[in-house]
Amino acid sequence: MHLVWLEDFIELARSRSFSRAAENRFVTHPAFGRRIKALEQWVGADLVTRSQPVTLTAAGKLFLDAANNAVEVLHAARAQLQEAPSEPEKLLRIATGRTLSRTFFPDWYDEIRQYCGDFPVSIATGGTQDIILKLDAGEADMLIAYSSPVTRMLINHQRYESLNIAHEVLLPVSAPDQRGKPRWPLEPKGAPVPWLAFSQTLTLRGILAKHLADLEYKPALKMAYQADSYEAIQEMAIRGAGMAWLPQRLVARDITERRLLVVGDENLRIRFDISLLRLRTSVHPLVRAIWDHLSARHAP
């Protein structure tokens, strides 16, 4: 079965005339008739009546829907494949977290373009395990992730190398009350406050848990809400549902506009790194150029 047979049949159903359909398909009337007959033989049923005007048989009406869907899907797939870059070696595929793709990547990309010039980039986002699997499967050239015990545990360091390219801070934040004071302050020996917690799938959960475990005086917390999205926790914090630790880049505007206030002592602010990872044996020219540039800039 040929795609042109389906397109011929669709045109015949539209025009309801063999001669007009043949003309619109730029073939002779006999050749067009042979192609419709060949399609009917492939289907195993008569699709049209040879009358004036042409009408569809019951089988033809059923098959027309299938033909339209098949042609649409095939043309869409073809168009998508033709959109691939003409120079795929210049496309940089980066896997990163959903929050980092919004709060960190745009500025970082602008910086890299100043050094490397313009280049196309494809971003894939997901949870920590998802994006590491993309790197491991060869579906990403580089990975940008929060540096945490989970990330370091999942990465094969014999196969990949990492570079710390930025710093981030987990800030304890709360919405203000009517007086403009923190609604949920973290006071020493104070009453337990509602806590908007990270689910186990979030990279920063381990960083926060370790930091709190190492504190001599731990804040009194009662878990009121848990989510696998930093943005979901951010929204609940703004609504006053509890206090939360959130990345500074994510809540910087909220703090500036006083939708959120930083609470607690300095020792409750947790500093950590943002890391870039690549395959040690990568030969991608952009990966090598970016790595050399950043290695020199972030050298100890």
Side-chain angles (χ1 to χ4, degrees), residues 73 76-166 168 198-207 227-234 246-247 249-250 272-295 298:
V73 168
R78 180 173 180 266
Q80 184 175 356
L81 292 172
Q82 289 178 340
E83 288 176 359
S86 57
E87 298 179 275
E89 71 279 1
K90 290 188 177 181
L91 174 67
L92 187 66
R93 302 170 303 166
I94 292 182
T96 189
R98 298 180 186 91
T99 300
L100 281 168
S101 71
R102 183 164 68 89
T103 62
F104 176 75
F105 177 79
D107 289 339
W108 181 82
Y109 181 51
D110 286 343
E111 173 199 331
I112 295 301
R113 285 195 303 171
Q114 291 179 12
Y115 172 75
C116 295
D118 290 336
F119 58 89
V121 64
S122 174
I123 293 290
T125 65
T128 304
Q129 293 189 13
D130 295 332
I131 60 177
I132 290 175
L133 285 174
K134 287 183 182 297
L135 183 65
D136 203 47
E139 297 173 6
D141 302 306
M142 306 182 93
L143 183 148
I144 299 173
Y146 293 129
S147 180
S148 74
V150 173
T151 309
R152 293 189 288 273
M153 178 182 68
L154 293 175
I155 287 293
N156 181 346
H157 293 279
Q158 293 183 337
R159 190 177 182 196
Y160 300 100
E161 59 183 328
S162 64
L163 181 67
N164 292 334
I165 56 175
E168 182 59 286
F198 302 144
S199 72
Q200 292 184 354
T201 59
L202 290 180
T203 306
L204 299 181
R205 178 186 172 109
I207 292 176
D228 63 356
S229 162
Y230 301 117
E231 286 79 6
I233 294 172
Q234 173 192 22
L246 287 166
R249 284 179 172 83
L250 180 63
F272 58 99
D273 295 317
I274 297 172
S275 296
L276 180 69
L277 296 98
R278 70 160 184 178
L279 187 69
R280 290 184 182 274
T281 56
S282 175
V283 295
H284 193 301
L286 264 174
V287 171
R288 295 175 66 179
I290 292 170
W291 199 266
D292 290 345
H293 168 64
L294 293 176
S295 295
H298 296 282

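Just so you know, these numbers use all the heavy atoms, side chains as well, and skip hydrogens, waters and symmetry mates.
- A donor-acceptor contact shorter than 3.5 Å is absent between the side chain of R98 and the backbone of Y230.
- For F198 against L246, the heavy-atom pair with the smallest separation is CE2-CD2, 4.4 Å.
- Distance CD/E111 to CD1/I290: 10.0 Å, rounded to 0.5 Å.
- Across all non-hydrogen atoms, the minimal contact from A166 to F104 is CB-CE1, 3.5 Å.
- L204 is listed as a side-chain neighbour of P247, based on a closest heavy-atom distance under 4.5 Å.
- Nearest heavy atom pair, residue S101 against residue P106, reads O-CD, 3.4 Å.
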**Request:** Run the numbers on L279 and R159 for side chain to side chain contact (heavy atoms under 4.5 Å, CB included), then give the verdict.
**Result:** CA-CA 6 Å; L279 187 69; R159 190 177 182 196; 3.4 Å; yes
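- Rounded to the nearest 0.5 angstrom, L92 CG and S122 OG are separated by 9.0 Å.
- Smallest separation of non-hydrogen atoms from I131 and G126: CG2-N, 3.7 Å.
- Side-chain atoms of R102 and E231, non-hydrogen and from C-beta on, do get closer than 4.5 Å to each other.
- In this structure, the separation between OG1 on T99 and CZ on R249 is 12.5 Å, given to the nearest 0.5 Å.
- Contact of the L277 side chain with the I132 side chain is not registered, since no non-hydrogen atoms from C-beta on lie closer than 4.5 Å.
- Under the side chain to side chain contact (heavy atoms under 4.5 Å, CB included) rule, I94 has a single partner from L276, L143, V121, L135, which is V121.
- L294 CG to Y115 OH: the interatomic distance, rounded to the nearest 0.5 Å, is 9.0 Å.
- For the pair L202 and A227, the tightest heavy-atom approach, listed with the atom from each and the gap, is CD1-O, 3.4 Å.
- In this structure the side chain of T96 never reaches within 4.5 angstrom of the side chain of W108, judged on heavy atoms.
- Residue R113 holds its CZ atom at 5.0 Å from CG of D118, rounded to the nearest 0.5 Å.
- Residue L163 holds its CG atom at 5.0 Å from OG of S295, rounded to the nearest 0.5 Å.
- With respect to F105, the side chain to side chain contact (heavy atoms under 4.5 Å, CB included) criterion is satisfied by exactly one of D110, I144, L100, T125: I144.
- Looking only at distances, no side-chain donor or acceptor of Y146 sits under 3.5 Å from a matching main-chain atom of E168.
- Inter-residue side-chain proximity for L286 and C116 is flagged as met; some heavy-atom pair is nearer than 4.5 Å.
- Environment of CZ in R280: crowded, with over 12 heavy atoms of neighbouring residues, nucleotides or ligands closer than 6.0 Å.
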